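Chain letters run A, B, ... following the sequence lines, proteins first, then strands; residues in each count from 1. Model, not experiment: these values are computed from the prediction.
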Number of protein chains: 2
Amino acid sequence: MADINSGTKISASAIGDGTAVPGAAEGGTDAAWDIIELLFFAYRDFVGDPDEVLLKYAFGRAHHRVLHFVNRNPGMKVADLLDILNITKQSLGRVLKQLIDQGFIVQKEGEQDRRQRLLYATPKGEALSLKLAALQTERINRAFGELGPGAHEAARRFLTAMIDGDNREGVLRQIARADRAKVR
Amino acid sequence: MADINSGTKISASAIGDGTAVPGAAEGGTDAAWDIIELLFFAYRDFVGDPDEVLLKYAFGRAHHRVLHFVNRNPGMKVADLLDILNITKQSLGRVLKQLIDQGFIVQKEGEQDRRQRLLYATPKGEALSLKLAALQTERINRAFGELGPGAHEAARRFLTAMIDGDNREGVLRQIARADRAKVR
DNA sequence: CAAAATATGTCAACATGGCTGACATAAATT
DNA sequence: AATTTATGTCAGCCATGTTGACATATTTTG
């Protein structure tokens, strides 16, 4: 049942049979065990989809993330990518170098600021990025198909609300900007 | 469902291996870029919450996952934990040993089958597990608070639908069983 | 203009947490 | 008695994260 409660007391309910579970409540608030665990399993399966394909290229999830965001944000600065991925430039450098050497990403000198190395996916890089996104989209669409209409909107609202308040605006702007950039 | 997400079509040619995309009768389905990226950012923030606490114990996310599931499933077998985590016993062994040595988890010989080493969180282990779950629950409840009533149910349905069909039943059973087990 | 700040790259070393393969032990099953 | 199962362990490799130090080119600033 929907039990988003008032005050500090939150009750988790069991999956499946709808049995309410009275909480142990040491601190007065029940942990949202169901969401915590569903998120774990859902995310595990979600990121697992592309693994098989990545294996054929001898790439890992780190490469996937880099390629994904570069493809989605053509001409992005290295610094922006670092911000999104939340890793150090040394960590990024390792996988980025491989993606560049193998022709999935190219760098162009910035026009206004020639210190910048703007990142672009090559056609080859775009193809791989799309292939991986297609796999994940398949899962997402299957889920939305099982649920009723409005599921997409509900999922988007939920996931957005789960993001840090500080980042949320930036993330939404980034997604909107990327959508525009890829329409052209 | 058609606002942010429009633009790049996924087509068989772009995918390259001829994989059919469900619902792509007229030459392509939009990749669900928004959900893909929101899931990435939401999960990143979600698993990041406990990191600070874990640092104080010199533990990582691997320890967190092990402690979490052991606490939620008192008396579970090592083999079951391996199934849930999808890692090798050698990988598990490393972190499990530390959790045992430092008194967060204990093992008891199985009663019917004395080869088994059933896993239990100690009071100390349970306390840490709850502390970490409370952090994540805080984020979840904040999100549900921002969204209307029904958000919990909607999120649960979405996340459930995102899980592999094969595992889904098992996951739901596991969550339900754990909920009962923790009611003592 | 000289100095400082910025964007990026690189080298070296180290930590975490995956993996494979081989082998060991005790207990249950056949 | 032989085999299978549940678990543990040693050894080494790999991917990907970290810190710290330093280099280079370019832009910004006093």
B/Arg44 CZ to A/Ile84 CD1 distance, which is reported to the nearest 0.5 Å: 8.5 Å
More than 12 heavy atoms from other groups under 6.0 Å of CD on B/Glu109: yes
Residues B/His64 and B/Asp51: side-chain donor-acceptor under 3.5 angstrom: no
Under 3.5 Å donor-acceptor pair, B/Arg115 side-chain atoms to D/dT5 base atoms: yes
Under 4.0 angstrom between A/Arg65 side-chain N/O and D/dG17 OP1 or OP2: yes
5' priority, DNA chain D, between A/Phe59 and B/Arg117 [closest heavy atom]: B/Arg117
Atom-to-atom span, CG of A/Leu54 to C1' of D/dA15 - whole angstrom: 13 Å
A/Gln90, CD atom: more than 12 neighbouring heavy atoms under 6.0 Å: yes
For atom CG of A/Asp113 and atom C1' of D/dT24, their distance in whole Å: 14 Å
Presence of A/His63 side-chain N/O under 4.0 Å of D/dA15 phosphate oxygens OP1/OP2: no
First-last contacting nucleotides on DNA chain C - partner chain A, under 4.0 angstrom, heavy atom: C/dT6 to C/dC11
Within residues 79-100 of chain A, residues whose heavy atoms come under 4.0 Å of DNA chain C: A/Ala79, A/Lys89, A/Gln90
B/Lys124, NZ atom: more than 12 neighbouring heavy atoms under 6.0 Å: yes
Smallest separation among heavy atoms of A/Ile35 and B/Ala155, with atom names: CD1-CB, 4.2 Å
Heavy-atom closest contact (A/Gln107 atom, A/Leu119 atom, distance): CG-CD2, 3.4 Å
Distance in angstrom units between A/His64 NE2 and D/dA15 C1', rounded: 17 Å
Near-ring test B/Tyr43/A/Phe46, centroid separation under 6.0 angstrom: no
